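Right, one structure below, let's go through it.
Because the structure is a prediction, the values reported are computed rather than measured. For ligands, and for the atoms within them, numbers begin at 1 and follow the listed sequence. Nothing fancy with the numbering, it's 1 onward along the sequence.
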Amino acid sequence: MLVLAIETSCDETAVAVVRDGREILANLIVSQIDIHARFGGVVPELASRQHLQAICPLVDAALAEAGTSLEQIEGIAVTRGPGLIGALLVGVAYAKAIAFARQIPLVGVHHIEGHILAVQLEKLVEFPYLALAVSGGHSHLFRVEGIGQYQLLGRTIDDAAGEAFDKVAKMLGLPYPGGPVIDRLAKVGDASCVRFPRPMLKKPNLDFSFSGMKTAVLTYIESLNTQISEQQTADIAAAFQEAAVDVLVQKTMRAARQEGLSRIVVAGGVACNSGLRSEFSAACRKECIDVYFPSPLLCSDNAAMLAVAGDAYLERGYRSASDLNAVSNWPLPEAALHFI
Ligand code: KG4
Ligand code: ZN
């Protein structure tokens, strides 16, 4: 099945053409980072307007790159939620319009479901596996039994990991989005300058908390009582990244042990982080667990990832109705329940 996938949940307009939920023919992204950077974060109203401007030419460009036309598209997958409601609505309305005009089936997919299945576009990872979804809005651990079958094992009780990276970067006067900048600086920083707390590690559950870590960084910066130098900025970035990675890796390894799972998939924008990748690889090597990271383009927001679930649902005959609406707050296991 040839699927056109559309993603507009936050600050990236993304369109992909994917065959059989496996073969990417086009995967295009228009980023709005430059527009939001001067405000230090995503401005929802601006995001919606940019999606509106970008979506039509991007669909044309994706079809051209895939060497196909709208007439050949057999189904549409679109992010239904969670995300910024105005931004989501652009993609959902556009997808519904094409589906109606072409009389082809449409399916609304959960954004995080897309992230945790994106790996299947590069490597067929056998189910069941443990998925750590770490993005700007999520830090969630799922047991993944198959497409549509997710059990939530743990989640952040406050901020998401990506949000913490972005906020710490802001405290350090670094540009938005902060994750990639902290990652880069951490390579030249000395993490031993300060040890930030590892919240929730002593608790036996599988939940995370990043809010206290963020406050600890702020308190430390304030305690220096002076304009911080470039080297100090890099050192703080390294110490923060070390603490965040430590918590994410240790809790995920605990989850794998408890669930008896020998495969871990790390997904979402924060999965681009080089420290996270190397620490996970080292921990998994020790415990004979296979760890998989999608390549960076498939970790951060993209549309191809939606086609994995989208294709499977469409093949099984599932269709979203023509009154499909966007949902800003949509918990994953519940979201997928009606598909199985
Ligand atoms: O999955 P994603 O592209 O969008 C959401 O669904 O939120 O994730 C975006 C988040 C941002 O918070 C960004 O700072 C973070 O992923 N991120 C990173 C890195 N690259 C992106 N965080 C840490 N290290 C990175 N290299
Ligand atoms: Zn995302």
Side-chain angles (χ1 to χ4, degrees), residues 5-14 16 27 29-33 36-37 40-42 44 47 51 78-84 87-88 91 109-119 131-140 155-156 159-172 174-187 189 208 210 213-214 237-238 240-249 265-280 293-306 308-309 328-330 332 335:
I6 296 172
E7 150 68 39
T8 63
S9 68
C10 191
D11 59 349
E12 259 118 19
T13 316
N27 191 18
I29 299 164
V30 173
S31 171
Q32 306 175 1
I33 282 177
H36 301 291
V42 179
H51 286 309
V78 64
T79 302
R80 184 185 180 209
L84 302 171
L88 286 164
V109 177
H110 193 286
H111 181 79
I112 292 299
E113 181 171 26
H115 274 305
I116 64 185
L117 295 174
V119 69
L132 170 69
V134 265
S135 68
H138 286 74
S139 296
H140 286 46
R155 54 168 299 172
T156 177
D159 294 351
E163 201 180 341
F165 271 90
D166 294 339
K167 288 196 177 142
V168 166
K170 207 170 181 176
M171 289 173 203
L172 291 168
L174 302 169
Y176 172 86
V181 190
I182 296 225
D183 191 358
R184 191 162 33 79
L185 287 179
K187 292 187 182 129
F208 303 101
F210 291 99
M213 203 183 283
K214 219 177 55 190
F240 162 73
Q241 180 170 300
E242 187 188 79
V245 165
D246 198 13
V247 172
L248 289 170
V249 172
V265 168
V266 189
V270 182
C272 294
N273 187 269
S274 52
L276 188 68
R277 285 178 177 245
S278 61
E279 287 305 311
F280 256 122
F293 297 92
S295 53
L297 188 68
L298 292 175
C299 279
S300 45
D301 286 351
N302 67 92
M305 67 184 194
L306 302 171
V308 181
S328 62
N329 192 355
W330 198 29
L332 179 53

Quick one: [atom1] on [X] to [atom2] on [Y], what's the gap to the nearest 0.5 Å?
X	Y	atom1	atom2	answer
His115	His110	NE2	NE2	10.5 Å
Glu113	Leu306	CD	CG	9.0 Å
Ile29	Leu297	CD1	CG	4.5 Å
His51	Leu84	NE2	CG	7.0 Å

> Does ligand 1 have a heavy atom under 4.0 Å from the side chain of Asp183, from its backbone, from both, or from neither?
Replying inline: side chain
> Does Asp166 approach ligand 1 within less than 4.0 angstrom via side chain, backbone, both or neither, non-hydrogen atoms only?
Replying inline: side chain
Can you sort out which atoms of ligand 1 are near [X], meaning under 4.0 Å from one of its heavy atoms?
X	answer
Gly137	7 (O)
Ser135	1 (O), 5 (C), 6 (O), 7 (O), 8 (O)
Ser300	3 (O)
Cys272	20 (N), 26 (N)
Gly162	12 (O)
His111	6 (O)

Return yes or no for this condition: an N or O of [X] is under 3.5 Å from an N or O of ligand 1.
X	result
Glu12	no
Pro177	no
Asn273	yes
Gly268	no

>> What I'd like to find out is whether the side chain of Met171 reaches to under 4.5 Å of the side chain of Lys214, using heavy atoms alone.
In response: yes
>> With 2.8 Å as the threshold, which protein atoms of type N, O or S lie near the Zn ion (ligand 2)? Leave waters out.
In response: His111 NE2, His115 NE2, Asp301 OD1
>> Tell me the closest heavy-atom pair linking Ala169 and Gly178, and the distance in Å.
In response: CB-CA, 3.3 Å
>> Looking at every non-hydrogen atom in both residues, tell me the closest pair between Cys10 and Ala47 and how far apart they are.
In response: O-CB, 3.8 Å
> Looking only at heavy atoms of His115, does any of them come nearer than 4.0 Å to an atom of ligand 1?
Replying inline: yes
> Contact between Cys10 and ligand 1, counting heavy atoms under 4.0 Å?
Replying inline: no
>> Is the distance from the ring center of Phe165 to that of Phe210 below 6.0 Å?
In response: no
For [atom], what's the nearest protein heavy atom and its distance?
atom	result
atom 2 (P) of ligand 1	Asp301 OD1, 3.4 Å
atom 7 (O) of ligand 1	Gly136 N, 2.8 Å
atom 22 (N) of ligand 1	Gly179 CA, 3.3 Å

> When you measure from atom 21 (C) of ligand 1 to each heavy atom in Gly41, Gly269, Ala169, which option holds the nearest one?
Replying inline: Gly269
> Residues in side-chain contact (heavy atoms from CB on, under 4.5 Å) with Pro175, at least two apart?
Replying inline: Val181
>> For Ser135, give me all partners under side-chain contact (heavy atoms from CB on, under 4.5 Å), at least two apart in sequence or on another chain.
In response: Ile112, His138
>> For the NZ atom on Lys187, are there more than 12 heavy atoms of other groups (residues, nucleotides or ligands in this structure) within a distance under 6.0 Å?
In response: yes
> Does Glu279 have any side chain to side chain donor-acceptor pair (under 3.5 Å) partners at least two apart in sequence or in another chain, and if so, which?
Replying inline: none
Quick one: does [X]'s side chain have a donor or acceptor within less than 3.5 Å of a partner on [Y]'s backbone?
X	Y	value
Asp166	Pro177	no
Thr13	Thr8	no
Thr156	Ser139	no

